[in-house]
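See below for the structure under consideration.
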Amino acid sequence: MPVSDFVQHVAQGDVHVLRLNNPPVNTLRNELRAGLLAGVNAAKAAGAKAVVLIGTGRMFCAGAEMTEFGKPRQPPSLTDVFDAIEGYPGIVVAAIHGSALGGGLELALACHARVAVADAQVGLPEVKRGFVPGAGGTQRLPRMIGPEAAAKIIVSGDPIKASEANRLGFVDAIIDGDLEAGAVAWAKANIGKTFTLARNRTDRISGQDPAAFDAVVAGLLKRTRGQESPKGCAEAARASFTLPFEEGLKKERELFQSLVSGEQSKALRHIFFGEREVLRIPGMPAEAKSLPVERLVVIGGGTMGGGIAMSAANNGVPVTIVEMTDEALQKGLARCHANWERTVSSGRLSQAEYEKRRALLTGSTDFEGTVAKGDLVIEAVFENMDVKKQVFARLDKAARPGVVLASNTSTLSIDEIASATKRPELVVGMHFFSPANVMRLLENVRGAKSSWTTIATATEFGKRIGKLPVLVGNCDGFVGNRMTGKRTPQVEKLLLEGCLPQDIDKVMEGYGMAMGPLATGDLAGLDIGAAVRKARGTVAPVADAVVALGRFGQKTGKGWYMYDEKRNRLPDPEVERIILDVAEKMQVRRRKISDEEILDRLLLPMVNEGARILEEGVAYRPIDIDVVFCNGFGWPAFRGGPMFWADTQGLKTVRDKLAKYAEATGDANLKPAALIEKLAAEGGTFAGMGAKAA
Ligand code: NAI
């Protein structure tokens with residue numbers, strides 16, 4: 001007796017099962033809420049003593065249907081459903097597999113009891129979408145496990161395993177074997193027992209010391225600089241022990257409403273949906289299928305090759321690194337092993353998993369013999385066109401026909417690399433970011449001749465090894481590095497005109513960047529930028545003067561900053577002297593520069609270059625650019641990425657400011673891009689643009 005297409009109702013004697021059925025992740029859309037309410041009422045009418053809620057497909061429930069946000073809500077609300085559950089004259093048990101997240105977990109928390117498979121994930125990720133749980137999660141969870149433990153879950157938004165939730169006390173039992181059968185049996189065995197609903201419990205919140213709670217929260221908020229939703233989550237969780245239940249719910253609702261309509265939440269949802277959108281490649285024919293990859297071969301076991309190989313092994317893919325000498329090979333493999341061993345020591349990786357990964361990673365100096373066995377080859381040798389072309393000519397001969405050859409180059413032309421082979425249609429860029437075993441972004445670079453099968457293979461393989469692949473076009477620096485490169489001249493100019501490194505980094509970090517551009521330079525090594533300038537015949541008088549003193553950054557203990565023994569960065573008077581000297585020599589009158597000007601002059605050149613990248617079709621859509629920055633360049637997701645930020649400023653303002661700074665600084669790069677001129681004149685936005693098909 002189905003209650004609706006979205007909820008299946010199966011009676012098993014005294015126990016009725018309601019299956020949430022809204023593939024693929026059972027979001028709580030209106031029809032599902034209505035089906036649940038009808039199902040609970042029907043079970044009640046039939047006299048069922050227990051009801052089991054379970055999800056069909058791969059999970060219990062991923063939460064609210066976010067596409068319904070901002071639209072008038074159709075009844076019933078989740079609260080109506082929860083009222084029916086809490087008023088049920090028997091017990092309602094949530095049976096969790098896969099995930100119970102956000103509204104999905106809140107639904108489970110409103111039940112009389114919860115059972116789960118041990119490795120199911122439970123959590124309240126709302127904070128990551130810029131709001132607070134809005135259906136009682138912040139009031140019920142603290143009543144079950146105490147406000148401090150609950151705040152950790154609510155403020156971080158990170159899910160935990162059901163086994164851990166069982167230990168904490170909000171999952172009543174772990175079920176082995178078939179979940180539905182196990183949950184029905186558990187419910188049967190517990191018919192007639194009294195379960196105190198979370199809303200009626202006070203045992204875990206009474207006597208909570210507000211100061212102890214605030215101290216825990218202060219620790220949690222340290223890592224969420226500039227973001228509003230973690231503060232809102234903490235405030236809501238605090239209400240669980242300072243206010244009665246109903247008033248706490250009201251407080252939670254108010255916080256939810258104000259945050260969900262704010263700019264930060266819009267930005268976070270833009271990135272959340274964007275990370276799914278980038279995988280839908282415009283123009284990709286439905287029949288384009290990825291080639292099967294059973295063994296990956298990585299050429300070069302240096303910084304990047306090692307990280308790429310680790311990503312493969314971390315995700316169960318057998319991988320062989322090819323190096324030129326046994327010494328280089330052993331060094332490369334040892335670095336991977338040491339990296340895993342550190343993770344084992346920190347308790348984040350089991351010994352068994354480590355051994356599994358280690359066995360998947362092998363090495364060889366037999367180039368031809370190894371390449372012949374690979375189903376996909378990723379090259380990560382030195383960044384030099386001649387070297388790359390030699391390697392690709394050799395790969396072309398050694399690899400089986402039909403095997404895709406990818407390059408991890410960060411600047412070189414994929415088309416020129418492909419020209420060294422007789423299979424340019426099978427050549428593609430796979431641009432990983434450092435450290436490659438950690439960073440999620442993967443810029444897949446489409447060559448002029450790359451086939452859809454090749455692109456599908458790079459996309460699917462990237463996903464399989466835990467990356468977020470964004471397809472971009474072939475140009476110097478691709479999307480991320482090309483745009484960041486336009487910021488660098490402004491950093492130099494700001495230093496000359498009046499800023500110190502710490503002034504610039506403070507503004508960028510205040511905006512929410514993981515690290516300011518000068519601190520980032522110190523981490524990466526200032527000699528790298530100097531070498532690029534030399535190769536390109538450009539100068540940067542301040543940066544060149546810093547490098548000339550052997551200040552290469554953290555690796556030499558000094559760069560834009562000096563560093564103490566704990567690697568804390570400290571402003572360095574010597575750097576100030578260098579800057580003042582160069583400015584004097586160049587007869588630049590230094591002035592006080594406002595934070596707003598610093599931010600504009602660093603972000604606007606990137607937006608302008610982003611617009612050119614869109615004009616050229618190097619990025620398909622503005623969202624591709626935003627996803628690149630939020631996943632590979634430390635851009636705070638709660639700001640939505642550079643193109644989203646530009647829209648929030650208004651493109652007319654962006655155009656006017658660019659024109660003003662182009663004039664004032666003589667930087668031709670700041671002349672507003674044609675696309676910005678056009679959109680500003682039309683009153684348009686980047687978000688309103690359609691995708692440019694390949
Ligand atoms: P690396 O110098 O650490 O490693 C290169 C390795 O390739 C060396 O171990 C070398 O022995 C090996 N190699 C050179 N020729 C070879 C050949 N013919 N056969 C087998 N092995 C060979 O360099 P890194 O940093 O790993 O860079 C590799 C590539 O990744 C470059 O194209 C670079 O532009 C790109 N890349 C680097 C990033 C970084 O942050 N380091 C970020 C993204 C891309």
Side-chain angles (χ1 to χ4, degrees), residues 296-311 319-336 339 362-372 374 377-399 405-414 416-417 420-421 427-445 462 467 469-470 472 474 476-482 484-485 515 520-529 531-532 535 553-555 628 631-634:
L296 172 69
V297 173
V298 176
I299 311 294
T303 312
M304 295 306 288
I308 296 166
M310 284 177 73
S311 296
V319 50
T320 309
I321 291 178
V322 175
E323 259 294 351
M324 289 193 290
T325 63
D326 195 50
E327 192 192 342
L329 179 63
Q330 295 314 327
K331 214 169 117 191
L333 290 174
R335 234 192 339 254
C336 299
N339 199 314
T362 50
S364 173
T365 51
D366 172 10
F367 189 104
E368 272 70 24
T370 309
V371 169
V377 181
I378 301 178
E379 164 278 316
V381 305
F382 306 126
E383 185 78 342
N384 174 298
M385 185 54 91
D386 292 339
V387 175
K388 300 264 189 210
K389 281 169 108 171
Q390 277 166 25
V391 168
F392 269 75
R394 225 173 136 190
L395 283 175
D396 192 28
K397 291 203 183 78
L405 308 177
S407 172
N408 180 48
T409 180
S410 41
T411 52
L412 303 173
S413 165
I414 292 299
E416 196 175 341
I417 294 174
T421 73
V427 176
V428 69
M430 289 181 80
H431 181 211
F432 292 81
F433 289 77
S434 184
N437 55 317
V438 176
M439 297 295 289
R440 195 162 164 240
L441 178 64
L442 171 63
E443 278 184 342
N444 279 337
V445 187
K467 303 299 169 196
V470 182
V472 302
N474 184 29
D476 188 2
F478 313 122
V479 168
N481 287 337
R482 174 170 159 186
T484 314
M515 223 187 218
T520 307
D522 274 2
L523 186 67
L526 303 182
D527 50 328
I528 296 178
V532 172
Q554 289 201 26
K555 61 182 162 193
V628 161
N631 284 280
F633 290 83

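All ligand and atom numbering here is 1-based and tracks the order in the structure. Side-chain atoms are counted along with the backbone in the values below, which use heavy atoms only and exclude waters and symmetry mates.
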Pair F478, T409 - check side-chain contact (heavy atoms from CB on, under 4.5 Å), show working. CA-CA 10 Å; F478 313 122; T409 180; 4.3 Å; yes
Within the supplied structure, the quantity of interest is the number of heavy atoms (other residues, nucleotides, ligands) at a distance under 6.0 Å from K331 NZ; does it exceed 12? no
Can you sort out the partners of K388 under salt bridge (Lys or Arg N to Asp or Glu O under 4.0 Å), two or more places apart, ordered by chain and number? E379, E383
Test item: R394 and E368 side chains (from C-beta on) under 4.5 Å apart, heavy atoms: yes
Which parts of the protein, at residue level, reach under 4.0 Å of ligand 1 through a heavy atom? I299, G300, G302, T303, M304, V322, E323, M324, A380, V381, F382, E383, K388, V391, N408, T409, S410, H431, F432, S434
Applying side chain to side chain donor-acceptor pair (under 3.5 Å), can you list everything that pairs with S364, at least two apart in sequence or on another chain? T370
Residues two or more places apart in sequence or in another chain: which of them pass side chain to side chain donor-acceptor pair (under 3.5 Å) with R335? none
